[in-house]
Number of protein chains: 2
Amino acid sequence: MATGRTHRPATRSRGIPEATVARLPLYLRALTALSERSVPTVSSEELAAAAGVNSAKLRKDFSYLGSYGTRGVGYDVEYLVYQISRELGLTQDWPVVIVGIGNLGAALANYGGFASRGFRVAALIDADPAMAGKPVAGIPVQHTDDLEKIIKDNGVSIGVIATPAGAAQQVCDRLVGAGVTSILNFAPTVLSVPDGVDVRKVDLSIELQILAFHEQRKAGEETAGEEAVTASVPKNTPKGPDGDVPVVMPA
Amino acid sequence: MATGRTHRPATRSRGIPEATVARLPLYLRALTALSERSVPTVSSEELAAAAGVNSAKLRKDFSYLGSYGTRGVGYDVEYLVYQISRELGLTQDWPVVIVGIGNLGAALANYGGFASRGFRVAALIDADPAMAGKPVAGIPVQHTDDLEKIIKDNGVSIGVIATPAGAAQQVCDRLVGAGVTSILNFAPTVLSVPDGVDVRKVDLSIELQILAFHEQRKAGEETAGEEAVTASVPKNTPKGPDGDVPVVMPA
DNA sequence: CCATCTTTGTGCACGCGTTCACAAAGACAT
DNA sequence: ATGTCTTTGTGAACGCGTGCACAAAGATGG
Ligand SMILES: NC(=O)c1ccc[n+]([C@@H]2O[C@H](COP(=O)([O-])OP(=O)(O)OC[C@H]3O[C@@H](n4cnc5c(N)ncnc54)[C@H](O)[C@@H]3O)[C@@H](O)[C@H]2O)c1
Ligand SMILES: NC(=O)c1ccc[n+]([C@@H]2O[C@H](COP(=O)([O-])OP(=O)(O)OC[C@H]3O[C@@H](n4cnc5c(N)ncnc54)[C@H](O)[C@@H]3O)[C@@H](O)[C@H]2O)c1
């Protein structure tokens, strides 16, 4: 019997829930602010308030990293900053490439918050020959032809896609082919990638649509059902799943 | 305005789970693409593949909207586009203001995908007097002094914050005070808002940190399992130029 | 050294979201 | 009409995430 090795895959071995991972950067930001004010320790209650989460949730999150708190006192700010940074992999340098230097790509390149946490813009890549060599945010834009070489020369494993939607999958494939295993996608497309590659997407349009949904719901509540644009939607009756078929199908 | 009806049982009254709402825009996008190709009907299996989700999940999502499919055939594309659009509130016009016309704000203003789905940039607002009157994306930037008037004159209920983090809460308060009830926040800050106001955040830094976490985990797995759990400086940094991390264990 | 007080760490219950699996519904052919 | 075949709609089981509530740990003061 191997020592300590469980039968479970790595996801369980490291044991940090995805939801917790997503909150760690939030805690880190709050802790960094405290650190800059030279606050030595902080209670779960205070830190939770600053991060906008439940204090029990925060304590449970930290418990996954180990027990770094002191009962009756709280958590040591500096120590926690270090532990979370290490857990997130921010103690090392992450070269990043941005592909598609248009409106958004240029804004990202100019974004100061990038470098603040170990992320370094290693290269800017665009398909437009007219942009080649032109500096954006002090970094010369390089042509897509050299994408593979750029990735390999710089040891890049994280890529940001800010091209039009139509080019995103193709760019993605090339990034992955060159060795990139993490992608942040700003293009409004579903990217398909092989196992082992992580994709996260930032989709402005989706966010707005979600807001619009709730906005409409709020407005609808105030004016109590005034719509009736086309036959009222069948209230999803919990007990009568079928039966009503009045909704007309427009051929 | 909200007349004391701050209670919030509506989430269940309308009955559409939040997770489903978040996927509707995804389905809508895939359906729109099918519609443009004049595809008349689509099965849950096909549509699910296009949207990158499980087909059973998709069917259950649609079941919350009512039963719009035909067994043995699938879903009518045009009809579904309409139903989802209506459910999301996209059949009406949503005037939006963007506050903070810097790198990111300007990119957002120039973003074509904005207008495509009922969202209309009603105004651009910035605190910099030098920007006042200057057109960005064909729209003249207005000064923050007039924020309240702009919101009210245009009937704006959705606001986008793209100011520096330090100004975000203040801007948020003014937006809410003027009647905005949905906010999309790009600044890396936790915004606090009264009940009845929805906030969604887009945080590039957090996304990158989450990717870095998984990236580090992948790298750690490759180099075969032992890894100093506590203390000790991270060692899997072949070319790490950081080399600092002087933080030491307290106590 | 003991009492008290603060705050952590976590057991537990609950609700939401996901997925499987299948009966029923309907299209289509004969 | 009847049978076959496709695909929906959903019951049910399961796992994850959340938050309450509390015992234990440790600091602090006498
Ligand atoms: N601008 C925004 O605020 C915003 C917001 C949300 C999403 N988006 C999305 O981000 C993407 C970029 O938006 P944008 O406004 O910057 O567009 P843009 O047209 O200004 O820029 C796109 C850039 O990508 C380059 N490009 C095109 N094909 C390429 C390829 N195959 N390889 C490399 N580069 C290529 C173009 O040369 C151009 O410079 C789009 O998919 C858009 O939908 C933009
Ligand atoms: N640029 C990016 O790619 C990017 C990415 C992620 C997040 N962000 C965040 O988005 C925000 C904006 O980033 P940016 O790069 O555009 O910054 P920026 O400095 O280029 O622009 C900020 C703009 O906000 C204006 N402003 C400042 N205070 C204001 C106030 N009180 N009211 C109205 N306007 C005000 C400034 O005049 C300026 O025009 C920041 O919080 C940043 O952290 C930016």
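Convention: sequence-line order gives letters A, B, ...; per-chain numbering from 1. All values below were derived from every heavy atom in this structure, side-chain atoms included, with hydrogens, water molecules and symmetry-related copies excluded.
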> When you match Pro17(A) and Glu45(B) each to their closest nucleotide on DNA chain D, which lands nearer the 5' end?
Replying inline: Glu45(B)
> Which whole-number value in Å describes the distance from Glu18(A) CD to dT18(D) P?
Replying inline: 12 Å
> Given Val81(A), which of Asp76(A), Leu90(A), Leu31(A) fulfils the side-chain contact (heavy atoms from CB on, under 4.5 Å) condition?
Replying inline: Leu31(A)
>> Whole angstroms only, please: what is the CZ-P distance between Arg71(A) and dA25(D)?
In response: 7 Å
> Between Lys60(A) (side chain) and Ser55(A) (backbone), is there a donor-acceptor pair under 3.5 Å?
Replying inline: no
>> Pairing donors with acceptors under 3.5 angstrom, does anything connect the side chains of Tyr82(A) and Glu78(A)?
In response: no
>> Under 4.0 Å from OP1 or OP2 of dG17(D): is there any side-chain N or O of Asn54(A) that close?
In response: no
> What is the distance, rounded to the nearest whole Å, between atom CZ of Arg59(A) and atom P of dG11(C)?
Replying inline: 14 Å
>> Does Tyr75(A) reach a base, just sugar-phosphate, or nothing at all? Heavy atoms under 4.0 Å.
In response: sugar-phosphate
>> Pick the closest DNA chain C nucleotide for Gly72(A) and for Ser63(A) by heavy atoms, then say which residue is nearer the 5' end.
In response: Gly72(A)
>> Using OP1 and OP2 only, check whether a side-chain N or O of Lys60(B) sits under 4.0 Å from dT10(D).
In response: no
>> Distance check needed: dG19(D) P versus Asp61(A) CG, whole Å only.
In response: 11 Å
> Atom NZ of Lys57(B) and atom C1' of dT19(C): how far apart are they, to the nearest Å?
Replying inline: 9 Å
>> Taking the side chain as everything from C-beta on, heavy atoms only, tell me whether Ile161(A) gets closer than 4.5 Å to Ile183(A).
In response: yes
> Hey, is Asp203(B) close enough to Arg29(A) for a salt bridge, meaning N to O under 4.0 Å?
Replying inline: yes
> Whole Å only: how far is the OH atom of Tyr68(B) from the P atom of dG26(C)?
Replying inline: 16 Å
> OP1 or OP2 of dT8(C) sitting under 4.0 Å from any side-chain N/O of Ser44(A)?
Replying inline: yes
> Just checking Ala19(A): base, sugar-phosphate only, or nothing, at a heavy-atom cut-off of under 4.0 Å?
Replying inline: sugar-phosphate
> Rounded to whole angstroms, how far apart are CG on Leu58(A) and C1' on dT18(D)?
Replying inline: 13 Å
> Considering only side-chain heavy atoms of Thr70(A), which listed nucleotide, dT10(D), dG26(D), dT18(D), is closest?
Replying inline: dG26(D)
>> Just the rounded figure in Å: distance from P of dT8(C) to OH of Tyr79(A).
In response: 16 Å
